[in-house]
Amino acid sequence: MLKTDNILSFMRSTEITPEKDGEQVVVAGWVHEVRDLGGLVFIVLRDREGFIQITLPKKVVDPETFRKARKVSRESVIMVEGTVKKEDKAPNGFEIIPKKFEILNESSAPLPLEVTEKVPAELDTRLDNRFMDLRRPKIQAIFRIKSQIVKSIRDFLYSEGFIEVQTPKIVSTATEGGTELFPISYFEKEAFLNQSPQLYKQILMSAGFERVLEIGPIFRAEEHNTTRHLNEATSVDIEMSFTDHEGVMKLLERLVAKVYEDVIQNCEKFLNILELKLEVPEIPFPRITYTSAIEIARKSQEIPWGEDLDLQALKTIGAELGGFYFITEWPTKIKPFYVMPFEDEKICKSFDLMYGYIELASGAQREHRYQKLVESIKAKGLRPESFEFYLKAFRYGMPPHAGWGLGLERFVMAMLNLSNIREAMLFPRDRTRVSP
RNA sequence: GCCCGGGUGGUGUAGUCCGGCCCAACAUGAGGGCCUGUCGAGCCCUCGCCCCGGGUUCAAAUCCCGGCCCGGGCGCCA
């Protein structure tokens with residue numbers, strides 16, 4: 001029977017070295033492969049950190065253990081107690097000769113996809129069987145790095161005096177216009193899943209939090225079907241009082257550089273698994289105005305001033321600039337109502353952080369003057385009455401403020417050079433997928 | 001929403017253009033066997049597939065129609 005003290009004392013693959021030769025250990029994990037040579041059986045055990053070879057010479061191990069081990073199905077969960085043996089012929093220079101070999105849970109066969117990566121699987125098949133897809137070290141590496149990215153973002157922003165908050169995901173109004181919202185059934189009322197914490201983090205500026213951070217889900221009901229859109233994504237949002245767009249751009253580029261530093265320092269193993277070599281991007285990032293950006297885009301297409309940049313335009317600009325850069329001074333009419341215009345009201349204090357042709361973040365100094373804000377809402381064809389809960393916060397002392405929202409999965413995608421944003425989400429929600 | 005492309009063993013592909021040589025091939029896998037140094041082990045035997053429904057035809061994986069599902073691009077969007 002399984003002993004609980006074993007569960008508490010088992011070692012992970014990376015904790016064992018050839019120097020532990022002769023020591024008794026307990027290891028646990030999945031049967032990655034079984035190589036049965038007749039009188040000698042090798043079992044490759046896979047755990048969270050790597051692989052361990054379990055070696056069963058017929059003449060050495062007990063016959064019952066030998067029989068059980070050579071018949072165990074791939075991906076079964078096992079716990080092995082045995083002796084570490086220094087062995088140059090074994091991977092990592094050691095192997096384990098088992099005394100006890102316990103099958104904690106037998107796996108069915110055949111498997112829905114190959115964890116060993118001998119046969120590729122399509123993304124759709126992989127996502128349908130994500131629990132197994134995620135067993136592949138390459139896939140797990142993406143989420144180990146994503147975890148580090150989130151930790152790094154938190155650490156950095158906490159050190160800059162940010163307070164982490166949680167704002168509602170169920171909201172009553174179609175907030176910013178632009179994107180489509182998912183309607184939900186909320187008792188007798190109409191409600192939606194929130195597309196962004198924008199209005200709430202601004203209200204918190206009025207509340208005096210001064211610097212807030214939120215990492216949470218956002219929902220977009222767009223019927224897009226591309227490799228860089230999700231219907232549920234994670235947004236890293238910040239809002240900061242007593243600063244302008246320049247202030248939050250500087251914060252953002254420092255954050256990006258810090259995240260790269262931390263990932264390079266702490267995720268070497270996972271970067272190696274992904275065969276990636278990262279460099280900390282140099283800051284400050286180049287800044288180009290919208291007006292000069294369309295000048296570049298005009299090399300390959302017609303584009304009138306005031307139009308949003310389409311993919312073709314962004315590809316032309318991205319090819320010229322490469323890496324990280326900001327596009328600033330956008331036309332006011334293509335940005336949301338809450339952005340602060342310049343003196344010349346045709347352009348606004350809005351910026352996008354780009355990586356190549358991918359938009360990673362978008363931010364601005366916000367309009368904090370009540371009357372101007374109401375006018376701006378009207379100018380977008382929206383009704384100020386439906387924003388009363390928000391506008392109220394601007395009537396009783398709203399400091400000047402600025403902020404941005406960074407798409408976490410897009411950031412992961414950019415850093416790890418993933419070809420599809422779905423790869424950056426454990427259980428992606430797209431146009432057709434709601435399960436698993 | 002628009003435009004392309006596609007659905008063949010558990011998985012990934014070939015075959016479809018030009019119907020018959022396909023009661024469908026290859027790899028991986030699964031079941032069994034041999035083998036004491038494998039590390040994508042090797043070798044032998046066996047198992048398993050044409051998305052669904054109509055139609056054309058002597059004959060359909062292949063051609064036509066409808067449906068369902070999926071992928072990509074555009075638009076929109078972060």
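When reading the values below, keep in mind they use all heavy atoms of this one structure, side chains included, and skip hydrogens, waters and symmetry mates.
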Next on the checklist: Reading RNA chain B from 5' onward, which residue's closest nucleotide shows up sooner: A:Q312 or A:R422?
Outcome noted: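 The answer here is A:R422.
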
Checklist entry - Toward the 5' end of RNA chain B, which comes first, A:H229 or A:I97, by nearest nucleotide? => result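 Nearer the 5' end of the strand: A:I97.
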
Nearest-angstrom distance from the residue atom [atom1] of [X] to [atom2] of [N]:
X	N	atom1	atom2	answer
A:E122	B:G71	CD	P	9 Å
A:F219	B:A78	CZ	C1'	15 Å
A:K118	B:G29	NZ	C1'	9 Å
A:I52	B:U38	CD1	C1'	17 Å
A:L314	B:C77	CG	P	12 Å
A:E222	B:G73	CD	C1'	16 Å
A:M132	B:G12	CE	P	14 Å
A:W404	B:A78	CH2	P	16 Å

Checklist entry - Is there a donor and acceptor pair, one atom on the side chain of A:E114 and one on the base of B:G29, closer than 3.5 Å? => result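 Answer is no: no donor-acceptor pair is held.
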
Next on the checklist: Between the base of B:U38 and the side chain of A:Q53, is one N or O donor paired with an acceptor at under 3.5 angstrom?
Outcome noted: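 Donor-acceptor pair under 3.5 Å: yes.
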
Roughly how many Å apart are [M] and [N], using the [atom1] atom of each and rounding to a whole number?
N	M	atom1	result
B:G54	B:G12	P	28 Å
B:C23	B:U16	P	15 Å
B:C39	B:U28	P	14 Å
B:C74	B:U11	C1'	32 Å
B:A14	B:G7	C1'	15 Å
B:C51	B:U46	C1'	28 Å
B:G71	B:C26	P	31 Å

Classify [X] by what it touches in the nucleic acid, base, sugar-phosphate, or nothing, heavy-atom distance under 4.0 Å.
X	value
A:S73	nothing
A:E409	nothing
A:G407	nothing
A:K58	nothing
A:E223	base
A:I218	nothing
A:P120	sugar-phosphate
A:E75	nothing

Item to check | Nearest heavy-atom neighbours spanning A:P57 and A:L40 | outcome: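 What the structure gives for the nearest pair is CA-CD1, 3.7 Å.
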
Item to check | Non-hydrogen atoms of A:E222 and A:N231 that approach each other most closely | outcome: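 In this case the closest contact between A:E222 and A:N231 is O-OD1, 2.9 Å.
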
Check whether any side-chain N or O of [X] sits under 4.0 Å from OP1 or OP2 of [N], and answer yes or no.
X	N	value
A:N420	B:G72	yes
A:T125	B:G12	yes
A:K71	B:G33	yes
A:R228	B:C74	yes
A:R74	B:A30	yes
A:T227	B:G73	yes
A:T432	B:G71	yes

Nucleotide of [options] approaching [X] most closely (side-chain heavy atoms):
X	options	value
A:A90	B:A78, B:C35, B:G37	B:G37
A:A233	B:A78, B:G1, B:C70	B:A78
A:A109	B:A78, B:A30, B:U36	B:A30
A:K59	B:U11, B:U36, B:G40	B:U36
A:R220	B:U28, B:C70, B:C77	B:C77
A:A121	B:G71, B:G12, B:U36	B:G12
A:P91	B:A78, B:C39, B:G37	B:C39
A:D310	B:G75, B:G37, B:C77	B:G75

Checklist entry - Can a cation-pi geometry be assigned to A:K380 and A:F337, taking NZ or CZ under 6.0 Å from the six-membered ring centre and within 45° of the ring axis? => result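 Not flagged: A:K380 not positioned over aromatic ring of A:F337.
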
Next on the checklist: Given the ring of A:F342, does A:K349 sit roughly above its face, with NZ or CZ under 6.0 Å from the centre of the six-membered ring and within 45° of the axis?
Outcome noted: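 Judged by the rule, A:K349 and A:F342 form a cation-pi pair.
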
Base paired to [N] (Watson-Crick or G-U; both N/O distances under 3.5 angstrom):
N	result
B:C74	B:G1
B:G40	none
B:C18	none
B:C63	B:G55
B:A30	B:U46

Checklist entry - Testing A:H401, A:R366, A:H368, A:E239 for side chain to side chain donor-acceptor pair (under 3.5 Å) with A:Q202, which one passes? => result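 Option passing the side chain to side chain donor-acceptor pair (under 3.5 Å) with A:Q202: A:H401.
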
Checklist entry - Would you call A:R136 and A:E423 a salt bridge, using N to O less than 4.0 angstrom? => result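 The answer is no: the pair does not qualify as a salt bridge.
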
Checklist entry - Does the pair A:E320/A:K315 count as a salt bridge with the N-to-O cut at 4.0 Å? => result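 So A:E320 does not pair with A:K315 through a salt bridge.
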
Checklist entry - Once the angle between the rings of A:Y290 and A:W305 is folded into 0 to 90°, is it parallel (under 30°), tilted (30 to 60°) or perpendicular (over 60°)? => result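 Rings of A:Y290 and A:W305: perpendicular, as their planes differ by over 60°.
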
Checklist entry - Between A:F411 and A:F324, how do the two ring planes meet: parallel, tilted or perpendicular, split at 30° and 60°? => result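 The rings of A:F411 and A:F324 stand perpendicular, inter-plane angle above 60°.
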
Checklist entry - Given A:F351 and A:F326, is the ring pair (Phe, Tyr, Trp, His ring centres under 6.0 Å) satisfied, shown in steps? => result CA-CA 6 Å; A:F351 61 87; A:F326 285 107; 5.6 Å; yes

